[in-house]
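Notes to accompany the following structure.
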Amino acid sequence: MKQHPFTFSISVPDETLSEYDNHIVRRLSAMVGQYQDAQAFTAMLSQDPVLYEVYEIKRPESEGELMNGISIVHPGKVGEEYFMTKGHFHTVLDTAEVYYCLKGEGMMVMETPEGEWSIEELHPGCVLYVPPRWAHRSVNTGQLVNLVTFFIYPGNAGHDYGTIEQQGFRKLVVERDGRVQVIDNPRWHPKER
Ligand code: PAN
Ligand code: ZN
């Protein structure tokens, strides 16, 4: 692990980093239970398309460090729902994240443990600040182009996928009547406390 300043470059046309430590590839089969249309999900499983990829520069998982890399969500839909990331809370809830959109069109779906929600559009040049406590999922609403974002978050943040896996996000992003629409997730209910 480098302990000296270093540079790397991002090629937006090629959608790659000049150097990286991890290349994560997530296919449809990693998203069991996350899409509403179970029939469409099952029908697509035989091909098991790649939904998204992450190239990351790994840093020690400690406070003071910053993890960064690019996330690439491919275009496509399962039923009426667009391809999207799993989405997560940070394990250390009080850690934020910045996304910078490099290419494509999409949305970031966000919510807090208390059920507050927010959806922000992503387009090239747009910077999104995700405050501490907000779970986040990126959704590619484009027809043909990948949604490419640069992200940066604290080294000690960690990823809690389990909470979102239970019932998904409060809102879903779907295509209806040829338009991008945000609808309530029928599976989502306020948590008992
Ligand atoms: C990003 C995400 C990346 C993939 O680096 O990890 O976009 O999404 P999932 O982690 O939800 O599969 C980030 O938010 N890191 O904290
Ligand atoms: Zn994150």
Side-chain angles (χ1 to χ4, degrees), residues 8 10 12 15-17 20-35 48-76 78 81-113 117-124 126-142 145-173 185:
F8 64 93
I10 299 172
V12 179
E15 303 174 2
T16 53
L17 300 183
Y20 55 86
D21 302 301
N22 284 338
H23 177 204
I24 301 158
V25 177
R26 276 239 236 268
R27 293 179 177 275
L28 185 69
S29 50
M31 302 284 276
V32 175
Q34 286 305 303
Y35 282 99
D48 203 10
V50 173
L51 300 194
Y52 63 100
E53 301 173 63
V54 178
Y55 291 92
E56 63 180 15
I57 310 275
K58 225 172 157 37
R59 298 296 308 166
E61 292 175 15
S62 54
E63 219 175 290
E65 288 282 352
L66 294 169
M67 302 285 190
N68 55 94
I70 60 172
S71 159
I72 303 168
V73 185
H74 295 274
V78 179
E81 263 180 287
Y82 294 102
F83 283 6
M84 60 192 183
T85 60
K86 272 174 174 279
H88 57 266
F89 284 97
H90 289 163
T91 312
V92 178
L93 204 52
D94 272 325
T95 51
E97 183 155 350
V98 168
Y99 279 85
Y100 179 48
C101 182
L102 301 170
K103 194 192 254 189
E105 298 296 328
M107 289 188 176
M108 190 70 79
V109 178
M110 294 167 281
E111 68 184 41
T112 65
W117 66 273
S118 173
I119 294 185
E120 292 290 341
E121 287 185 16
L122 297 171
H123 47 80
C126 161
V127 179
L128 169 68
Y129 187 82
V130 183
R133 301 179 60 76
W134 285 80
H136 40 284
R137 155 181 284 168
S138 23
V139 181
N140 184 346
T141 56
V145 179
N146 287 341
L147 172 67
V148 185
T149 51
F150 174 75
F151 59 79
I152 181 158
Y153 63 94
N156 64 326
H159 295 104
D160 162 19
Y161 292 104
T163 305
I164 293 298
E165 273 165 8
Q166 285 167 22
Q167 54 178 16
F169 280 77
R170 185 167 182 170
K171 298 287 171 179
L172 307 177
V173 185
N185 171 5

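Both counts, for ligands and for their atoms, begin at 1 and track the order of listing.
Under a 4.0 Å N-O distance rule, the pair Glu53/Arg26 does not qualify as a salt bridge. Salt bridge annotation for Lys58-Glu61: present, with a cationic side-chain nitrogen under 4.0 angstrom from a carboxylate oxygen. A salt bridge does not link Glu111 to Lys171: none of the charged side-chain nitrogens sits closer than 4.0 Å to a carboxylate oxygen.
Ordered by chain and number, His88 NE2, His90 NE2, Glu97 OE1, His136 NE2 make up the set of protein N, O or S atoms under 2.8 Å of the Zn ion (ligand 2).
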List, for ligand 1, each N/O atom that has a protein N/O partner under 3.5 Å away, with both atom names and the distance.
unit_1   : atom_1 : unit_2 : atom_2 : d
ligand 1 : 7 (O)  : Ser71  : OG     : 3.2
ligand 1 : 10 (O) : His88  : ND1    : 3.2
ligand 1 : 10 (O) : Tyr161 : OH     : 2.5
ligand 1 : 11 (O) : Gly87  : N      : 2.8
ligand 1 : 11 (O) : His88  : ND1    : 2.9
ligand 1 : 12 (O) : Arg26  : NH2    : 3.4
ligand 1 : 12 (O) : Tyr52  : OH     : 2.5
ligand 1 : 14 (O) : His88  : NE2    : 3.1
ligand 1 : 14 (O) : Glu97  : OE1    : 3.0
ligand 1 : 14 (O) : Glu97  : OE2    : 2.8
ligand 1 : 14 (O) : Tyr99  : OH     : 2.6
ligand 1 : 14 (O) : His136 : NE2    : 3.1
ligand 1 : 15 (N) : Glu97  : OE1    : 3.4
ligand 1 : 15 (N) : Glu97  : OE2    : 3.3
ligand 1 : 15 (N) : His159 : NE2    : 3.1
ligand 1 : 16 (O) : His88  : NE2    : 3.1
ligand 1 : 16 (O) : His90  : NE2    : 3.0
ligand 1 : 16 (O) : Glu97  : OE1    : 2.8
ligand 1 : 16 (O) : His159 : NE2    : 2.8

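You'll find the ring centres of Tyr100 and Phe150 outside the 6.0 Å limit. In this structure, the ring of His136 has its center no less than 6.0 angstrom from the ring center of Phe169.
When only modelled atom types and interatomic distance are considered, Asn68 and Glu56 share no side-chain donor-acceptor pair under 3.5 Å.
Note that Arg27 lies outside the cation-pi zone of Phe83, set by a 6.0 Å cut-off to the ring centre and a 45° limit from the axis.
Nearest approach of Ile164 to Ala135, heavy atoms of both residues: CD1-CB, 4.0 Å.
Of the candidates Thr149, Val127, Asn140, Val148, Leu122 forms a side-chain contact (heavy atoms from CB on, under 4.5 Å) with just one, namely Thr149.
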